[in-house]
Amino acid sequence: MAEKVNTRGCVFSLLYSVGSFALACASLSTLNPSDRITVQKGALLISLGFVYFVALTEFLNKLLLKTSIGHNFVKRYRLRVSDVLDITNKLVSAVQAAFSCIAGLFVCRWSCPRNFLHASHFLSESYAWFAASYFFYDLWSMYKIYAAEAAIKIKAKLGLQADPTGDNNNIGNNGFANSGAAKPGESAATHGLQFQVLDDIPSMEQGTLSFVGQSKMGIPSFAKYLASHPLMVFHHLFIGSYGLIVISYLRGGLGDCVFSFMFMMELSTPFVSFRSILSVMGLKQSKMYVINGLLMLVTFFWCRVFLMPYVCYYYSQVVNKPFIEVT
């Protein structure tokens with residue numbers, strides 16, 4: 001029997017997400033283009049950023065895991081919980097990248113024609129504050145994917161996981177195949193484990209999260225996850241903290257035009273994210289995957305390879321110095 005659509009949780013998460021973004025925009029509405037962002041306003045923006053990215057992720061997770069529309073999508077592509085969490089993580093990454101490009105475009109159109117070095121727009125600093133929260137949030141989001149994968153492996157070892165490659169019409173809320181009834185000799189408690197959605201993943205809401213010790217299921221703690229992925233953690237913390245400090249303070253209000261191009265370097269990220277999503281969905285052989293791959297290559301070359309040398313050339317023309325000297 002088809003399950004009824006459970007939209008209440010989705011609506012609340014969506015309202016939190018939209019509301020936090022609207023408040024962030026409203027907090028900037030009275031600023032003049034050349035105004036600087038104070039620490040107090042920056043703290044507000046980074047707080048609203050946390051709410052926005054977390055709520056957006058929760059909305060997407062609940063949409064896919066707790067509604068009949070989401071169940072149909074999960075069944076069609078035979079996804080597990082970890083696959084769904086990975087997809088929502090990549091979607092939020094694409095949203096952040098799109099915002100970064102839009103902010104960069106606005107700042108570029110304002111600052112570059114006026115003065116390459118000295119013209120500034122408040123959006124460069126304000127989005128640096130808002131986006132800094134994304135890089136901290138993303139550590140937690142990726143841990144949830146890691147925990148979901150760990151839960152699947154633990155269930156498989158304990159013999160509690162049914163075959164996920166079976167009839168996808170019997171895939172339950174957690175992406176595990178189920179028959180709707182306990183097998184002979186299987187206890188109701190054991191069988192019930194197969195019907196949990198996100199309960200196997202450590203959760204602050206349910207009081208099952210330990211930042212240091214592993215969970216009852218044996219899933220590694222958040223601290224252990226961070227310790228086992230040092231390069232990824234350094235990348236996120238470096239961009240989220242040092243990048244914010246540079247854009248907000250160390251540059252001394254100079255070079256908005258340069259930083260606008262750095263924001264626009266994120267143009268290739270949505271295509272990288274969609275490539276991963278299509279792969280998870282098993283669509284590597286589709287035309288969409290090929291087209292997306294070509295767009296990814298073009299945007300990556302333009303934004304990550306060609307753009308910065310162009311900025312250096314642009315700067316050399318402004319200061320009337322040789323290109324080699326300014327690079």
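Just so you know, these numbers come straight off a predicted model, no measurement behind them.
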* Asked: Quick check: does any side chain N or O of Asn72 sit under 3.5 Å from a backbone N or O of Ser68, one acting as donor and the other as acceptor?
  -> yes
* To do: Report yes if some heavy atom in the side chain of Phe59 is under 4.5 Å from a heavy atom in the side chain of Thr88; otherwise report no.
  => no
* Asked: Any chance the SG atoms on Cys112 and Cys257 come in under 2.5 Å?
  -> yes
* What pair of heavy atoms forms the shortest contact from Glu149 to Ser82, and how long is it? -> OE2-OG, 3.2 Å
* To do: Could you check if a side-chain atom of Phe274 sits within less than 4.5 angstrom of a side-chain atom of Leu91, using non-hydrogen atoms only?
  => yes
* Asked: Does a side-chain heavy-atom distance below 4.5 Å link Met264 with Ser100?
  -> no
* **Met142 side chain near Met232 side chain, heavy-atom distance below 4.5 Å** => yes
* Asked: Does a side-chain heavy-atom distance below 4.5 Å link Arg275 with Tyr289?
  -> yes
* **Minimum heavy-atom distance Asn115-His118, with the two atoms named** => OD1-N, 2.9 Å
* So which heavy atom on Glu125 is nearest to which on Ile37, and how close? -> OE1-N, 3.0 Å
* Donor-acceptor pair, Ser13 side chain versus Cys10 backbone, under 3.5 Å? -> no
* **Phe106 atom CZ: more than 12 heavy-atom contacts under 6.0 Å** => no
* **Exam field: side chain Arg78 to backbone Val74, donor-acceptor pair closer than 3.5 Å** => no
* Asked: Any chance CE of Met265 has more than 12 other-residue heavy atoms, nucleotides or ligands included, within less than 6.0 Å?
  -> yes
* Just wondering, do Leu237 and Phe135 contact through their side chains at under 4.5 Å, heavy atoms? -> no
* In the single-linkage hydrophobic clustering (I, L, V, M, F, W, Y; side-chain heavy atoms under 4.5 Å), do Tyr146 and Leu231 co-cluster? -> no
* Flag yes if Leu65 and Tyr16 sit in one hydrophobic cluster, no otherwise; membership is Ile, Leu, Val, Met, Phe, Trp, Tyr, and two members link when side-chain heavy atoms are under 4.5 Å apart. => no
* To do: Could you tell me which residues satisfy side-chain hydrogen bond (donor to acceptor under 3.5 Å, both in side chains) with Asn89, sequence neighbours excluded, listed by chain and number?
  => Asp138, Ser141
* Asked: Which residue pairs pass the salt bridge (Lys or Arg N to Asp or Glu O under 4.0 Å) test when at least one of the two sits in residues 280-308, sequence neighbours left out?
  -> Glu266-Arg304
Kindly list each side-chain donor-acceptor pair under 3.5 angstrom involving residues 42-57, sequence neighbours excluded, with atom names and distances?
residue	atom	partner	partner atom	Å
Ser47	OG	Ala43	O	2.8
Thr57	OG1	Phe53	O	2.8
Thr57	OG1	Tyr137	OH	2.5

* To do: Might you point out which heavy atoms bring Arg109 and Arg114 nearest each other, and give the distance in Å?
  => O-NH1, 4.2 Å
* Between Ile87 and Met281, is any pair of side-chain heavy atoms under 4.5 Å apart? -> yes
* Asked: Quick one: side-chain hydrogen bond (donor to acceptor under 3.5 Å, both in side chains) partners of Ser93, sequence neighbours excluded?
  -> Tyr134
* Please name all residues satisfying side-chain hydrogen bond (donor to acceptor under 3.5 Å, both in side chains) with Lys90, sequence neighbours left out, ordered by chain then number. => Asp86
* Are Phe271 and Val290 connected in the hydrophobic side-chain network, where two residues link if heavy atoms are under 4.5 Å apart? -> no
* To do: Please check if atom CZ in Phe300 has more than 12 non-hydrogen atoms from other residues, nucleotides or ligands closer than 6.0 Å.
  => no
* **Smallest separation among heavy atoms of Leu307 and Cys303, with atom names** => CB-O, 3.4 Å
* Asked: Considering residues at least two apart in sequence or located in another chain, which fulfil the ring pair (Phe, Tyr, Trp, His ring centres under 6.0 Å) criterion with Phe238?
  -> Phe234, Tyr242
* Asked: Under 3.5 Å, is there a donor-acceptor pair between the side chain of Asp256 and the main chain of His121?
  -> yes
